[in-house]
Undergrad: 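What follows is a structure written as structure tokens; I'll ask about it next.
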Amino acid sequence: ETGNVTLDIGFVNTASCTSAITYIDGDAGILRYRGYPIEQLAEKSSFLEVTYLLIHGELPTAEQLAAFDSRLRRHTLLHEDLKEFFGGFPRDAHPMPVLSSAVSALGTFYQDSLDPFDEEQVDLSTIRLLAKLPTIAAYAYKKSIGQPFLYPDNSLSVTENFLRMTFGFPAEPYDLDPDLVKALDLLLILHADHEQNCSTSTVRLVGSSQANLFASVSAGINALFGPLHGGANQAVLEMLSDIEADGGDVDAFVNKVKNREAGVKLMGFGHRVYKNYDPRAAIIKKTADTIINKDGVSDPLLDIALTLEQRALEDDYFVSRRLYPNVDFYTGLIYKAMGFPTKMFTVLFALGRLPGWIAQWREMIEDPQTKIGRPRQVYTGYTERDYVPVDAR
Ligand code: SDX
């Protein structure tokens, strides 16, 4: 069963592309990857399986999944020269520009797999990127705290390896917490694709010039960094911390937003498409309770978030503008409870979104209609006028 595609060619509502990967109904709060409801995938699948589904279009058989897993585990290592690359950044560099630079640099090590029209090369680049981005992300974090890098341990899954390379030390064994692995795997599933959002459209647009996969994804990472997009999960934590610093006065903050003081927004609320509850936010909120209160220690920021959400959901200013919690409202609290610093939150979003970027890039490249993506404009400037010499201005 496929949806009927109606393209309204008017400037107001022009679809930028057709795609068979992800379906969103913003009013009904529906999100499906290749036809499978996000709620079912969140409950029954794994990030590895969802990655395969998004890229290959079907859920894998047990043999296909095992082969995919084993191939990924063999590609987690970075070239030793690329490891030196991290030394060039200042210690307090934000990991997102480090990530986008390292992904772009990755392409220079693999001249043998850059041809976007060679299926084998695209497949090899896909595996390399999926396997190495977690290593790059962990190294960006270790660089920011001045700790030694850990080589990947391929007896672990990609998610487990990432946690170990991020939080482990060479001098001692790292005990994987199964609750942490499960929660991170779920969050990665929920971020895996989302139709033509800002960063995915960027990946498609850059790729439409036949730029290689590494260059296109590097551009997508930069788009995701923006605080109105992937950077929102970091901005939510900063917002909650500001409210806490102000004595937890949620009403005072809500009034600042309603009075539009200095462009203050309720971060983690609102969405270009979901004009109702973001289905991902509902799933994440359940996880937030288990992970954050796991050791019986609740986080005051979670209490502030719950109060803020309740307050906004009852306030006509937000309800009349159809502003509801989105995927970013609770994720930061979970990442914080897992031990990640706020600077790593958007990196985690990128790790989740990578399969979607790759699937959408491959779909665009395989589409014979693909030409240079060149959005048109409505010109609103001056009509023709003559040059005025400087002494007459
Ligand atoms: C992501 O596209 C995707 O799919 C993105 C994403 C994905 O998975 O890829 O879902 C991930 O980016 C989620 C969004 C994360 N960003 C934030 O949480 C930042 C805060 N949200 C806003 O910046 C905003 O809601 C947007 C940009 C996300 C969406 O804006 P809209 O819904 O297109 O609407 P708009 O900017 O035209 O605003 C409509 C009205 C305006 O008020 P008026 O001028 O009409 O009086 O709503 C107000 C806005 O001022 N408004 C907000 C608000 N968001 C919109 N007011 C206060 N707080 C907010 N968060």
Side-chain angles (χ1 to χ4, degrees), residues 12 26 92-97 99-100 191 194-202 219-278 280-281 284-285 288 299-336 340-350 353 375 377-378 380-381:
V12 175
D92 59 352
H94 194 291
M96 281 297 276
L99 209 75
S100 65
H191 285 82
H194 213 241
E195 200 220 72
Q196 303 313 313
N197 58 84
C198 175
S199 54
T200 300
S201 303
T202 303
I221 293 170
N222 285 314
L224 187 71
F225 189 27
L228 294 194
H229 188 18
N233 53 21
Q234 175 176 334
V236 168
L237 248 291
E238 289 156 358
M239 170 186 75
L240 295 173
S241 304
D242 289 348
I243 295 171
E244 186 189 35
D246 186 26
D249 192 339
V250 167
D251 287 337
F253 176 77
V254 168
N255 289 332
K256 266 191 215 159
V257 174
K258 290 167 72 172
N259 299 331
R260 299 159 185 271
E261 275 178 42
V264 172
K265 283 184 178 283
L266 179 44
M267 300 310 277
F269 261 66
H271 199 276
R272 294 268 185 244
V273 179
Y274 291 123
K275 296 309 175 190
N276 203 322
Y277 217 91
D278 181 336
R280 301 167 297 177
I284 288 170
K285 186 175 173 184
D299 182 341
L301 297 187
L302 175 63
D303 303 332
I304 292 174
L306 290 166
T307 311
L308 186 55
E309 180 190 25
Q310 197 49 43
R311 179 75 177 67
L313 293 177
E314 291 160 0
D315 190 310
D316 187 54
Y317 179 91
F318 300 97
V319 175
S320 64
R321 289 171 174 77
R322 304 181 74 185
L323 301 175
Y324 297 94
N326 59 49
V327 66
D328 293 306
F329 190 65
Y330 281 104
T331 39
L333 286 166
I334 299 175
Y335 293 147
K336 175 174 176 277
F340 292 104
T342 44
K343 273 184 167 182
M344 282 295 283
F345 293 0
T346 312
V347 169
L348 292 161
F349 193 142
R353 187 52 51 90
Q377 67 168 22
V378 175
T380 58

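This structure is a prediction, so every number in the text was calculated from the model and none was measured.
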Undergrad: So which heavy atom on Ser241 is nearest to which on Leu301, and how close?
TA: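 Answer, listing the atom of Ser241 first, then Leu301: OG-CD1, 3.8 Å.
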Undergrad: Is any side-chain heavy atom of Phe349 closer than 4.5 Å to a side-chain heavy atom of Ile221?
TA: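 In short, these two side chains do not touch, never coming nearer than 4.5 Å.
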Undergrad: NZ/Lys336 to CD1/Ile334 distance, rounded to the nearest 0.5 angstrom?
TA: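 Reported to 0.5 Å precision, the distance equals 12.5 Å.
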Undergrad: Nearest 0.5 Å please: distance from the NE2 atom of His191 over to the CD1 atom of Ile284.
TA: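 Reported to 0.5 Å precision, the distance equals 5.0 Å.
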Undergrad: Which heavy atom of Ser199 sits nearest to which heavy atom of Asn197, and what is that distance?
TA: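 Scanning both residues completely, I find the closest heavy atoms to be OG-OD1, 2.8 Å.
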Undergrad: Looking at Lys265 and Met239, what are the two nearest heavy atoms and their distance?
TA: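 Taking Lys265 first and Met239 second, the nearest heavy atoms are O-SD, 4.0 Å.
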Undergrad: Return the orientation label for the Tyr335 and Phe345 ring planes: parallel under 30°, perpendicular over 60°, tilted otherwise.
TA: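 Aromatic pair Tyr335/Phe345 classed tilted.
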Undergrad: What closest approach, in Å, do Ile304 and Leu240 show between heavy atoms, and which atom pair accounts for it?
TA: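 Heavy-atom minimum between the residues: CG2-CD2, 3.9 Å.
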Undergrad: Using modelled atom types and a 3.5 Å cut-off, is there a donor and acceptor pairing between side-chain atoms of Asn259 and backbone atoms of Glu261?
TA: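 No; judged by distance alone, with no hydrogens or angles, the pair does not exist.
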Undergrad: Which heavy atom of Ala281 sits nearest a heavy atom of Asn326, and at what distance?
TA: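 Of all heavy-atom pairs spanning Ala281 and Asn326, the closest is CB-O, 3.5 Å.
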Undergrad: Side chains of Val254 and Tyr317, heavy atoms from C-beta outward: is any pair under 4.5 Å?
TA: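 SC-SC contact between Val254 and Tyr317 ruled out.
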Undergrad: Evaluate the ring planes of His94 and Phe225, with Trp represented by its six-membered ring, and classify them as parallel (under 30°), tilted (30 to 60°) or perpendicular (over 60°).
TA: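 His94 vs Phe225 ring planes: tilted.
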Undergrad: Show the nearest heavy-atom pair for residues Thr202 and Gly220, with the distance to one decimal.
TA: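 What the structure gives for the nearest pair is CG2-N, 4.1 Å.
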Undergrad: Counting distance only, does the side-chain N/O of Lys343 pair as donor-acceptor with the main-chain N or O of Asp92 below 3.5 Å?
TA: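 Here the side-chain-to-backbone pair exists.
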Undergrad: Specify whether Tyr274 and His194 have parallel, tilted or perpendicular ring planes, treating 30° as the upper limit for parallel and 60° as the lower limit for perpendicular.
TA: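 Tyr274 and His194: tilted rings.
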Undergrad: Check whether any side-chain heavy atom of Arg280 lies under 4.5 Å from a side-chain heavy atom of Thr331, and answer yes or no.
TA: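 A side-chain contact under 4.5 Å is absent here.
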Undergrad: In Å and rounded to the nearest 0.5 Å, what is the NZ to CG distance from Lys256 to Asp249?
TA: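 It is 8.5 Å, given to the nearest 0.5 Å.
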Undergrad: Nearest 0.5 Å please: distance from the CG atom of Leu237 over to the CG atom of Asp328.
TA: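 So the gap between those two atoms works out to 11.0 Å.
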Undergrad: Has the side chain of Asn255 got a donor or acceptor atom that lies under 3.5 Å from a matching backbone atom of Asp251?
TA: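 Present.
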Undergrad: Less than 4.5 Å apart, side chain to side chain, heavy atoms only: is that true for Phe253 and Val264?
TA: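 Yes, at least one pair of side-chain atoms sits under 4.5 Å.
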Undergrad: Would you confirm whether Thr307, through its side chain, and Asp303, through its main-chain N or O, come within 3.5 Å as a donor-acceptor pair?
TA: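 Pair found, side chain donor or acceptor close to backbone of Asp303.
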Undergrad: Is Arg322 close enough and on-axis enough to Tyr324, meaning under 6.0 Å and within 45°, for cation-pi?
TA: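 Relative to the ring axis of Tyr324, which defines the angle, Arg322 lies outside at least one limit.
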Undergrad: When rounded to the nearest 0.5 angstrom, what is the spacing between OG1 in Thr342 and CZ in Phe340?
TA: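 The distance works out to 12.5 Å.
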Undergrad: Rounded to the nearest 0.5 Å, how far apart are NZ of Lys275 and CG of Leu323?
TA: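 So the NZ of Lys275 and the CG of Leu323 are separated by 7.0 Å.
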